[in-house]
Amino acid sequence: MAGKEILHKMKEKVGLGSSADSGKGKSKISKNVTHGYHLVKGKSHHAMEDYIVAHFKQVDDNELGLFAIFDGHLSHIIPDYLRSNLFDNILKEPDFWTEPKNAMRRAYRITDTMILEQAADLGKGGSTAVTAILINCHTLVVANVGDSRAVICKNGVAKQLTVDHEPSAEREEIENRGGFVSNFPGDVPRVDGQLAVARAFGDKSLKEHLSSEPDFAKELIDDDTDFIILASDGLWKVMTNQEAADAIKNIKDARSAAKHLTEEALNRKSTDDISCIVVKFN
């Protein structure tokens, strides 16, 4: 087996994705719960800046499905750092099992501080993040900063679990921190005319005006739950939540569903990096 293929198999086994990549896995406690992911590089001239986590992990007597998308800007190092560290920091929090909201918010802050303290090595730029933890296949907890998104579909109806942190929506908070929101240069609102999201990890030069405080959601997985989609904004720029749900409602294989969504985004002329994870409850 060639070295490149061995590396791909290793990545797929542990659920680490970057560049043009895909993989799949399944729960050990519920044969009906499967996941798949697919990533494609956009048309920009820089390296792929999306990284994902997608795998099930046994923690004591519990099974955790760990799913995340990290979408970097001006950096592929920081999203890769998040892929390696953020879940570890979340699960180190002693109250994760009793107060997951507090634990995830604290872990986000700690991780952002770690990134800023290592800015000399990690470089400039930053990353958005959406993290979803599926606890024993029956409870889903989600946190996010930025515009990567988590959507749950129940009985065919899509529901957004995350908040898109757009500068125009948080203009007052940004201005209170001494920053400003401007559409110039460019065609979308940006923090200090530079960054098109109001919350992110890293971005040391903008940090006084940016937040890394995540929004949080909790959802019970019941018999009505069809699937969960996590995706970077390369998908959501060209598809609504319901369009994405409708596009994969009849695709049973989770990896095929994730790949179909990325292909549909490309068909709709998305030029950004596109990362997608689908968790199916068949």
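Because the structure is predicted, anything quoted here is derived from the model rather than measured. All values below were derived from every heavy atom in this structure, side-chain atoms included, with hydrogens, water molecules and symmetry-related copies excluded.
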Peer 1: Output side-chain donor-acceptor pairs under 3.5 Å for residues 97-105, partner residues at least two apart or in another chain, one line each.
Peer 2:
| from | atom 1 | to | atom 2 | distance (Å) |
| --- | --- | --- | --- | --- |
| T98 | OG1 | D95 | O | 3.4 |
| R105 | NE | P214 | O | 3.4 |

Peer 1: I'd like to check the side-chain hydrogen bond (donor to acceptor under 3.5 Å, both in side chains) partners of E263; sequence neighbours left out, ordered by chain and number.
Peer 2: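 For E263 there are no side-chain hydrogen bond (donor to acceptor under 3.5 Å, both in side chains) partners, ignoring immediate neighbours.
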
Peer 1: Within the 4.5 Å heavy-atom criterion, are F67 and I228 side-chain neighbours or not?
Peer 2: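 Contact flag for F67/I228 side chains = no.
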
Peer 1: If the condition is side-chain hydrogen bond (donor to acceptor under 3.5 Å, both in side chains), which residues does T162 pass it with, not counting sequence neighbours?
Peer 2: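 T162 satisfies side-chain hydrogen bond (donor to acceptor under 3.5 Å, both in side chains) with no other residue.
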
Peer 1: Check this for me: H76, atom NE2, are more than 12 non-hydrogen atoms of other residues, nucleotides or ligands nearer than 6.0 Å?
Peer 2: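 No, NE2 of H76 has 12 or fewer neighbouring heavy atoms, counting only those of other groups under 6.0 Å.
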
Peer 1: With a cut-off of 6.0 Å (strictly less than), are more than 12 heavy atoms of other residues, nucleotides or ligands near CG of D88?
Peer 2: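 Check passes, neighbour count above 12.
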
Peer 1: Under the side-chain hydrogen bond (donor to acceptor under 3.5 Å, both in side chains) test, which residues partner K259, sequence neighbours left out?
Peer 2: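 If we apply the side-chain hydrogen bond (donor to acceptor under 3.5 Å, both in side chains) test to K259, skipping adjacent residues, there are no hits.
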
Peer 1: With sequence neighbours left out, write down each residue that passes side-chain hydrogen bond (donor to acceptor under 3.5 Å, both in side chains) with H165, or none if nothing qualifies.
Peer 2: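 For H165, the residues satisfying side-chain hydrogen bond (donor to acceptor under 3.5 Å, both in side chains) (neighbours in sequence not counted) are D215.
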
Peer 1: Run the salt-bridge test on R83 and D80 with the 4.0 Å N-O cut-off and return the result as yes or no.
Peer 2: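 The answer is yes: the pair qualifies as a salt bridge.
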
Peer 1: Side chains of S211 and E173: is there a donor and an acceptor less than 3.5 Å apart?
Peer 2: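 No, no side-chain donor-acceptor contact under 3.5 Å.
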
Peer 1: Look at the rings of F201 and Y108 and say which category their plane angle falls in: under 30° parallel, 30 to 60° tilted, over 60° perpendicular.
Peer 2: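 Ring orientation, 0 to 90° scale: tilted.
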
Peer 1: Which heavy atom of I174 sits nearest a heavy atom of V191, and at what distance?
Peer 2: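 So the two residues come closest at CD1-CG2, 3.7 Å.
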
Peer 1: Considering the options K124, H73, Q194, which one meets the side chain to side chain donor-acceptor pair (under 3.5 Å) requirement together with D203?
Peer 2: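 Answer to the side chain to side chain donor-acceptor pair (under 3.5 Å) test with D203 among K124, H73, Q194: H73.
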
Peer 1: Is it true that I52 and I152 fall in one hydrophobic cluster, defined by side-chain heavy atoms closer than 4.5 Å?
Peer 2: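 Looking at the clustering, I152 is in the same group as I52.
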
Peer 1: For atom CD of E175, decide whether the heavy atoms of other residues, nucleotides or ligands shown that lie under 6.0 angstrom number more than 12.
Peer 2: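 It does: E175 CD has more than 12 such atoms within range.
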
Peer 1: For E172, does the CD atom sit with more than 12 other heavy atoms under 6.0 Å from it, leaving out its own atoms?
Peer 2: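 It does not: E172 CD has 12 such atoms or fewer within range.
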
Peer 1: Hey, is the main chain of H138 close enough, under 3.5 Å, to the side chain of N136 for a donor-acceptor pair?
Peer 2: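 Pair absent, no side-chain N/O of N136 close to backbone of H138.
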
Peer 1: Counting heavy atoms not belonging to K26, are there more than 12 under 6.0 Å from its NZ?
Peer 2: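 Atom NZ in K26 is not packed in, count stays at 12 or less.
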
Peer 1: Do S232 and D272 make a side-chain contact, defined as non-hydrogen atoms from C-beta onward lying under 4.5 Å apart?
Peer 2: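 A side-chain contact under 4.5 Å is absent here.
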
Peer 1: Are I274 and V151 in one and the same hydrophobic cluster, where Ile, Leu, Val, Met, Phe, Trp and Tyr link if side-chain heavy atoms are under 4.5 Å apart?
Peer 2: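 Same cluster.
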
Peer 1: Where the side chain of R149 meets the backbone of D164, is there a donor-acceptor pair that is under 3.5 Å apart?
Peer 2: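 It does not hold such a pair.
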
Peer 1: Please step through side chain to side chain contact (heavy atoms under 4.5 Å, CB included) for the pair R109 and E213, ending with a clear verdict.
Peer 2: CA-CA 7 Å; R109 286 196 295 270; E213 184 75 11; 3.1 Å; yes

Peer 1: Hey, is the main chain of F180 close enough, under 3.5 Å, to the side chain of D192 for a donor-acceptor pair?
Peer 2: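 Judged by distance alone, yes, a pair lies under 3.5 Å.
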
Peer 1: Kindly state each residue pair satisfying salt bridge (charged side-chain N to carboxylate O under 4.0 Å, His left out) with at least one member in residues 238-249, sequence neighbours excluded.
Peer 2: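 Passing the test, one end in residues 238-249: E243-R268.
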
Peer 1: Charged N to carboxylate O below 4.0 Å: is that the case for K237 and D147?
Peer 2: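 No salt bridge links K237 with D147.
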
Peer 1: Looking only at heavy atoms, what is the nearest atom pair of T131 and A68, with distance?
Peer 2: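 Heavy-atom minimum between the residues: CG2-CB, 3.8 Å.
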
